[in-house]
Number of protein chains: 2
Amino acid sequence: MITLTEENYIKAIYHLGKYGAHNVSTNAIAKEMETKASSVTDMVKKLSEKGYADYKKYQGVTLTEEGKEIALSIVRKHRLWEVFLVDHLNFSWDEVHEVAEQLEHIKSKKLIEQLDAFLGFPTHDPHGDPIPDKSGHIKKIDKILLSEAQVGHRGICVGVKDSSSNFLKYLDKNSIALGTEIEIIHREPFDHSITIQANNKELIISNLIANNLFIRVS
Amino acid sequence: MITLTEENYIKAIYHLGKYGAHNVSTNAIAKEMETKASSVTDMVKKLSEKGYADYKKYQGVTLTEEGKEIALSIVRKHRLWEVFLVDHLNFSWDEVHEVAEQLEHIKSKKLIEQLDAFLGFPTHDPHGDPIPDKSGHIKKIDKILLSEAQVGHRGICVGVKDSSSNFLKYLDKNSIALGTEIEIIHREPFDHSITIQANNKELIISNLIANNLFIRVS
DNA sequence: AATAATTTTTAGACTAATCTAAATTTTATT
DNA sequence: AATAAAATTTAGATTAGTCTAAAAATTATT
């Protein structure tokens with residue numbers, strides 16, 4: 001049987017290793033999990049013994065196929081619950097994370113499949129992140145960061161990279177949501193801030209903001 | 001902070017102490033929790049130190065007001081989730097318990113209040129058990145066990161005492177559900193089995209069955 | 001009232017997960 | 001290549017919850 005703590009470590013390793021298949025470092029996991037490196041060492045040894053991860057001393061860790069499957073099932077549950085909270089329980093996109101962190105550990109195959117059906121088999125969560133299907137497959141859409149878009153181009157907002165409450169509240173305040181049409185009017189060479197047109201209004205956003213907003217160019 | 005295990009002990013003490021305010025014995029808790037008496041002793045000491053229970057050596061344990069509040073909030077969550085599973089996720093009443101046991105520990109005030117509203121503020125769960133309101137108040141209905149009903153009387157089924165899967169499946173098989181009209185035709189003196197009329201059919205049920213079905217006499 | 005049976009508690013050990021502090025290994029810098 | 005800095009691991013302790021086996025208290029029976 002897999003414990004809640006093991007699940008959380010597997011999820012952390014998955015998220016840290018997502019881009020590029022390189023080994024995830026002990027310190028990186030410790031930072032992500034807000035724990036100490038020594039605790040991480042103990043746990044990755046255990047995950048390795050149980051067959052969820054490959055670990056060699058001082059060399060970092062990667063997930064095995066079994067580990068990845070577990071990670072994807074947790075991600076799937078997390079994102080489906082987020083959709084439920086936003087679509088049916090009046091949560092806003094900056095409120096869902098904490099609760100979904102708890103709900104993602106509920107174990108019941110029937111529950112999650114019925115929930116999926118109840119929600120209409122959504123493909124993306126409220127932050128635009130893709131929801132793995134029953135067999136763990138993720139449908140990728142070609143999105144780019146707003147900071148990488150060229151002046152003159154237009155696209156629609158399809159996701160956020162950072163989903164911290166502060167960032168999401170900033171977007172709400174400026175009427176930027178998933179589906180919002182955005183045109184890049186001007187990029188300021190000095191600070192890389194960007195002037196965009198959205199909701200028929202011009203808005204200047206900092207490079208940091210632009211670096212955390214995904215659009216699909218149309 | 002209260003742990004998951006503490007919550008489960010509090011819930012067990014609540015359920016065992018529900019009828020009559022007498023002290024709950026160590027052995028009774030051990031049986032309910034499927035654990036050893038020595039573990040129970042340790043835990044009730046801890047609950048007592050934390051202010052959730054009153055405990056005196058060899059004398060059993062009762063919940064404090066704070067303990068009762070916690071118990072009621074867990075019961076409320078459990079039963080609301082059961083309604084959700086049955087009403088919206090196609091679970092049958094014999095499948096909900098295990099999953100609700102997990103969901104009842106999710107901590108989020110907003111979640112449970114929004115869920116309550118989403119479900120239309122239900123007053124009873126799929127087994128006919130009352131759902132405590134936000135402030136822990138339970139609305140009691142006057143129900144009696146079918147085994148206590150008099151021959152000739154009629155009523156509607158409003159709850160089950162046992163909610164084990166086997167019992168609930170028996171009821172399904174015999175088309176008895178919450179809301180079913182039942183008339184007591186005959187009681188057999190020898191084994192206390194009862195002949196009832198339900199769904200326009202006569203049915204003989206054992207005393208054990210009759211002892212686990214609640215009706216409201218009409 | 002004494003003894004037997006049952007219940008409950010205590011003592012001590014175990015596992016999972018964590019931590020601090022020290023030791024070791026790897027990586028970076030001179 | 002030697003040394004300094006950073007990252008990682010080990011050793012040993014701690015907490016929550018559990019267990020077995022033995023001791024103590026309560027309850028039942030003669």
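Chain letters run A, B, ... following the sequence lines, proteins first and then strands; every chain starts at 1.
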If you measure from CG on B/Leu63 to CG on B/Leu47, what distance do you get to the nearest 0.5 Å?
-> 8.0 Å
Using atom [atom1] of [X] as one end and atom [atom2] of [N] as the other, report the distance to the nearest whole Å.
X: A/Asn23; N: D/dT8; atom1: CG; atom2: C1'; value: 14 Å
X: A/Tyr9; N: C/dA16; atom1: OH; atom2: C1'; value: 11 Å
X: A/Lys31; N: D/dA7; atom1: NZ; atom2: C1'; value: 14 Å
X: A/Ile29; N: D/dT9; atom1: CD1; atom2: C1'; value: 14 Å
X: A/Lys57; N: C/dT24; atom1: NZ; atom2: C1'; value: 9 Å
X: A/Glu49; N: C/dA16; atom1: CD; atom2: P; value: 10 Å
X: A/Lys56; N: C/dT26; atom1: NZ; atom2: P; value: 13 Å
X: A/Leu47; N: C/dA16; atom1: CG; atom2: P; value: 13 Å

Would you say a side-chain N or O of B/Asn27 is under 4.0 Å from OP1 or OP2 of C/dT8?
-> yes
With distance as the sole criterion, do the side chain of A/Ser38 and the base of C/dT20 form a donor-acceptor contact below 3.5 Å?
->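 For A/Ser38, whose side chain was compared with the base of C/dT20, there is a donor-acceptor pair (under 3.5 Å).
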Between B/Asp125, B/Asp133, B/Asp116, which is the residue that forms a side-chain hydrogen bond (donor to acceptor under 3.5 Å, both in side chains) with B/Arg76?
-> B/Asp116
Looking across every strand, which nucleic acid part, if any, lies under 4.0 Å from B/Thr26 by heavy atom: base, sugar-phosphate, or nothing?
->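 Here B/Thr26 touches the backbone only, sparing every base.
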Within the structure shown, what part of the strands sits under 4.0 Å from B/Thr41 by heavy-atom distance: base, sugar-phosphate, or nothing?
-> base
Check against side-chain hydrogen bond (donor to acceptor under 3.5 Å, both in side chains), A/His15 and A/Glu32 = CA-CA 9 Å; A/His15 283 306; A/Glu32 174 85 7; over 6 Å; no
Are B/His78 and B/His97 close enough that their ring centres sit under 6.0 Å apart?
->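 Here the rings of B/His97 and B/His78 have centres that are less than 6.0 Å from each other.
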Donor-acceptor under 3.5 Å (B/Arg79 side chain, B/Pro130 main chain) |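 Yes; at least one donor-acceptor contact below 3.5 Å.
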Should the pair B/Lys45 and B/Tyr55 be classed as cation-pi, given the thresholds of under 6.0 Å to the six-membered ring centre and 45° from the axis?
->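 Checked: cation-pi criterion not met.
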Validate the cation-pi geometry between A/Lys68 and A/Tyr14: distance from NZ or CZ to the six-membered ring centre under 6.0 Å, angle to the ring axis within 45°.
->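 Geometry flag: not set, cation outside 6.0 Å or 45°.
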For DNA chain C, what residues of residues 1-8 of chain B have any heavy atom nearer than 4.0 Å?
->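 Listed by number, there are none.
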Does A/Tyr58 or A/Asp42 map to a spot on DNA chain C nearer the 5' end, using the closest nucleotide for each?
-> A/Asp42
